Asks: 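Take a look at the following structure, please.
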Amino acid sequence: MNTKEKDLQYIMHTYGRYDVALQSGKGVIAYDEDGKRYLDVSSGIGVNSLGYCDEGWAKAVSAQANTIQHMSNYFYSPQASDLAEKLCRLTGLSKVCFGNSGAEANECAIKIARKYSFDKYGPDHNEIITLKNSFHGRTVTTLAATGQEVFHNYFFPFTQGFKYAEPNNLDDLKNNIDEKTCAVMLEVVQGEGGVNILDKQYVQTVATLCEKNDILLIIDEVQTGVGRTGKLFAHEHYGVTPDLMTVAKGLGGGLPIGVCLCGDKLKTVMSPSTHGTTFGANPVVCAGANYVLDTIANDAFLSDVEEKGRFLEEKLLQLSGVKSVRRLGLMVGIEIEGDAHDAAAKCVANGLLIITAKDLLRMLPPLTITKDELLEAVNILDKTLKEITA
């Protein structure tokens with residue numbers, strides 16, 4: 001059997017796959033088992049922040065794998081402590097908790113918020129407001145936190161204690177706040193929800209409201225973090241500092257990681273046995289993340305991301321089949337004439353690996369992509385859109 005046949009026979013059908021079996025990659029270019037070349041502007045849904053097999057990243061990961069590949073969290077890890085120090089210094093936050101995914105990081109943030117409120121106000125102070133069209137993960141609790149009804153099915157009973165407010169509607173948020181509210185959780189750019197960029201004034205007002213009422217502000221930076229939007233973290237565009245922030249995807253550069261960071265007033269909330277995970281703070285993963293941060297966390301790199309994002313938006317808006325573009329840095333949603341899912345499949349057939357978000361095409365290219373490569377991607381998209389409308 002070939003790869004596809006074995007996949008269909010032995011792997012649970014939880015993904016609608018494109019008809020491609022990738023075998024290798026370098027930078028922005030990937031090759032399938034037949035040697036066909038693809039330009040990848042999805043980067044593993046924003047995970048391969050430095051592209052495929054970046055030499056420095058691969059060297060850091062390989063060196064650590066040949067030193068010590070895993071240890072129990074009962075012992076101290078220099079790779080983990082180095083990464084924690086960098087994250088805290090770069091964000092101004094105080095403590096981190098390591099996990100393996102964005103959903104795990106969000107679970108951790110939810111637990112910290114509820115324990116803080118339990119300790120201070122008692123067990124009934126436990127509700128968290130999230131935004132409609134949000135996406136926070138696929139565990140039972142993070143599905144409940146996700147503000148999309150389509151995800152609230154099959155797996156009953158879902159975790160209780162979540163309310164959902166309309167994005168950019170301050171009155172609706174205020175109407176959902178009551179004596180039980182312990183936190184507000186949001187993405188400043190809703191990636192899976194359609195690349196919806198929140199208004200700056202709205203986010204700033206929410207942050208002020210939370211601070212005045214001792215309601216914790218949780219910002220989910222799973223998809224927006226680590227340079228994706230032209231800032232190291234997207235909330236920097238808004239001039240706010242969260243009480244809790246979650247990071248994953250691009251931080252690992254291709255290896256599974258999730259991190260929950262908290263501010264000073266929450267740094268002692270969690271104690272031994274209140275949270276944990278076997279593989280969190282894995283030294284090989286942390287070695288890769290350290291390299292990613294060392295590469296991305298500088299003004300020149302981040303300015304280049306924003307410049308490339310503007311270039312891409314300009315070129316996309318010149319295409320006849322493109323109706324609008326939603327963009328922050330290199331986090332891009334493209335509204336097209338026609339069905340986005342059909343267009344994405346045809347793009348893949350034409351050698352462009354692209355994904356969707358709701359009814360949009362979505363680009364999350366490696367942050368190291370060049371303008372020439374962006375132009376090639378735009379040309380393939382242009383060709384595909386013309387084929388669809390022909």
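Since we're looking at a predicted model, the values are computed, not measured.
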Asks: Have a look at Leu261 and tell me which of Leu266, Leu244, Val247, Leu90 forms a side chain to side chain contact (heavy atoms under 4.5 Å, CB included) with it.
Replies: Val247
Asks: Is there a side-chain contact (heavy atoms from CB on, under 4.5 Å) between Phe301 and Thr295? Walk through the geometry before answering.
Replies: CA-CA 8 Å; Phe301 187 100; Thr295 302; 4.2 Å; yes
Asks: Flag the pair Thr130 / Leu186 as yes when at least one side-chain heavy-atom distance between them is below 4.5 Å, and no otherwise.
Replies: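 No, their side chains stay 4.5 Å or more apart.
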Asks: Between atom CG of Asp243 and atom NZ of Lys265, what is the distance when rounded to the nearest 0.5 Å?
Replies: 5.0 Å
Asks: Determine whether Lys174 and Asp171 satisfy the following criterion, salt bridge (charged side-chain N to carboxylate O under 4.0 Å, His left out), listing intermediate values before the conclusion.
Replies: CA-CA 5 Å; Lys174 288 179 178 178; Asp171 288 337; 5.1 Å; no
Asks: For Gln223 and Glu187, test the side chains for any donor-to-acceptor distance below 3.5 angstrom and give the result as yes or no.
Replies: no
Asks: Is there a donor-acceptor contact under 3.5 Å linking the side chains of Lys200 and His237?
Replies: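 The criterion, which ignores hydrogens and geometry beyond distance, is not satisfied for His237 and Lys200.
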Asks: Counting only heavy atoms not in Glu5, do more than 12 sit closer than 6.0 Å to its CD atom?
Replies: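 More than 12 heavy atoms, drawn from other residues, nucleotides or ligands, come within 6.0 Å of this atom.
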Asks: Do Arg228 and Pro365 touch side chain to side chain, with heavy atoms closer than 4.5 Å?
Replies: yes
Asks: Just do the side-chain contact (heavy atoms from CB on, under 4.5 Å) check on Val332 and Val195 with the steps written out, would you?
Replies: CA-CA 7 Å; Val332 183; Val195 195; over 6 Å; no
Asks: Within a radius of less than 6.0 Å around NZ of Lys59, do more than 12 heavy atoms belonging to other residues, nucleotides or ligands occur?
Replies: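 No, NZ of Lys59 has 12 or fewer neighbouring heavy atoms, counting only those of other groups under 6.0 Å.
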Asks: Is the backbone N or O of Leu198 less than 3.5 Å from a side-chain atom of Tyr238, with the two atoms forming a donor-acceptor pair by type?
Replies: yes
Asks: Would Lys120 and Asp214 pass as an ion pair if we require N to O under 4.0 Å?
Replies: yes
Asks: Between CD of Gln148 and CG of Leu143, what distance do you get to the nearest 0.5 Å?
Replies: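 Gln148 atom CD to Leu143 atom CG measures 10.0 Å (nearest 0.5 Å).
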Asks: Between Lys111 and Glu107, is the closest basic N to carboxylate O distance under 4.0 Å?
Replies: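 Judged by the 4.0 Å cut-off on N to carboxylate O distance, Glu107 and Lys111 do not form a salt bridge.
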Asks: For Asn290 and Gln79, indicate whether the former's side chain and the latter's backbone hold a donor-acceptor pair under 3.5 Å.
Replies: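 It does hold such a pair.
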Asks: What I'd like to find out is whether the side chain of Val284 reaches to under 4.5 Å of the side chain of Leu255, using heavy atoms alone.
Replies: yes
Asks: In Å, rounded to the nearest 0.5 Å, how long is the span from CG of Leu293 to SG of Cys286?
Replies: 10.5 Å
Asks: Between Thr389 and Glu337, do the side chains contain an N or O donor and an N or O acceptor separated by less than 3.5 Å?
Replies: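 No pair is found: no donor N or O on one side chain lies under 3.5 Å from an acceptor on the other.
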Asks: Keeping the roles fixed (side chain from Asp382, backbone from Val378), state whether a donor-acceptor pair exists under 3.5 Å.
Replies: no
Asks: Using only heavy-atom distances, determine whether the side chains of Lys180 and Asn126 contain a donor-acceptor pair under 3.5 Å.
Replies: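 Side-chain D/A pair, Lys180 to Asn126: absent.
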Asks: Is the backbone N or O of Thr142 less than 3.5 Å from a side-chain atom of Asn106, with the two atoms forming a donor-acceptor pair by type?
Replies: no
Asks: Do the two ring centres, one from Phe135 and one from Phe151, sit under 6.0 Å apart?
Replies: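 Ring centres of Phe151 and Phe135 closer than 6.0 Å.
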Asks: Would you call Lys86 and Asp82 a salt bridge, using N to O less than 4.0 angstrom?
Replies: no
Asks: Under 3.5 Å, is there a donor on one side chain and an acceptor on the other for Glu373 and Thr370?
Replies: yes
Asks: Between His152 (side chain only) and Thr146 (backbone N and O only), is there a donor and an acceptor less than 3.5 Å apart?
Replies: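 Yes: the side chain of His152 pairs with the backbone of Thr146.
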Asks: Answer whether the closest heavy-atom distance between the side chains of Leu87 and Leu93 falls below 4.5 Å.
Replies: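 The answer is no; the side chains never approach within 4.5 Å.
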Asks: Is the Lys NZ or Arg CZ of Lys371 less than 6.0 Å from the centre of Phe311's six-membered ring, within 45° of the axis?
Replies: yes
Asks: Do the ring planes of His125 and Tyr121 sit parallel (below 30°), tilted (30 to 60°) or perpendicular (above 60°)?
Replies: tilted
Asks: Any sub-3.5 Å donor-acceptor pair from Ser77's side-chain atoms to Ala80's backbone N or O?
Replies: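 Yes.
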Asks: Is the gap between the ring centers of Phe118 and Tyr116 under 6.0 Å?
Replies: no
Asks: Is it true that the side chains of Asn100 and Thr277 contain a donor and an acceptor less than 3.5 Å apart?
Replies: yes
Asks: Under 4.0 Å between a Lys/Arg side-chain N and an Asp/Glu carboxylate O for Lys163 and Asp178?
Replies: yes
Asks: Between Asn213 (side chain only) and Ile215 (backbone N and O only), is there a donor and an acceptor less than 3.5 Å apart?
Replies: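 Here the side-chain-to-backbone pair does not exist.
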Asks: Answer yes or no: is there a donor N or O on one side and an acceptor on the other, between the side chain of Glu236 and the main chain of Phe233, under 3.5 Å?
Replies: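 Looks like yes, one N/O pair under 3.5 Å.
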Asks: Just do the side-chain contact (heavy atoms from CB on, under 4.5 Å) check on Tyr38 and Val20 with the steps written out, would you?
Replies: CA-CA 10 Å; Tyr38 298 86; Val20 176; 3.6 Å; yes
Asks: Check for a donor-acceptor pair, side chain of Asn282 on one end and backbone N or O of Gln69 on the other, with a separation under 3.5 Å.
Replies: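 Checked: pair present.
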Asks: Please say which of Glu313, Glu314, Glu306, Glu307 ends up in a salt bridge (charged side-chain N to carboxylate O under 4.0 Å, His left out) with Arg310.
Replies: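 Going through Glu313, Glu314, Glu306, Glu307 one by one, the salt bridge (charged side-chain N to carboxylate O under 4.0 Å, His left out) with Arg310 is satisfied by Glu306 alone.
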Asks: Indicate yes or no: does Lys4 engage Asp7 in a salt bridge with an N to O separation below 4.0 Å.
Replies: no
Asks: Could you check Lys323, Arg362, Lys358 and say which one makes a salt bridge (charged side-chain N to carboxylate O under 4.0 Å, His left out) with Glu335?
Replies: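 Exactly one pass, corresponding to Lys323.
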Asks: Answer yes when Arg37 and Glu376 have at least one side-chain N-carboxylate O distance shorter than 4.0 Å, and no when they do not.
Replies: yes
Asks: Between Arg327 (side chain) and Gly309 (backbone), is there a donor-acceptor pair under 3.5 Å?
Replies: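 The answer is yes, because a donor-acceptor pair under 3.5 Å joins these two groups.
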Asks: Do Glu33 and Asn2 have a side chain donor and acceptor closer than 3.5 Å?
Replies: no
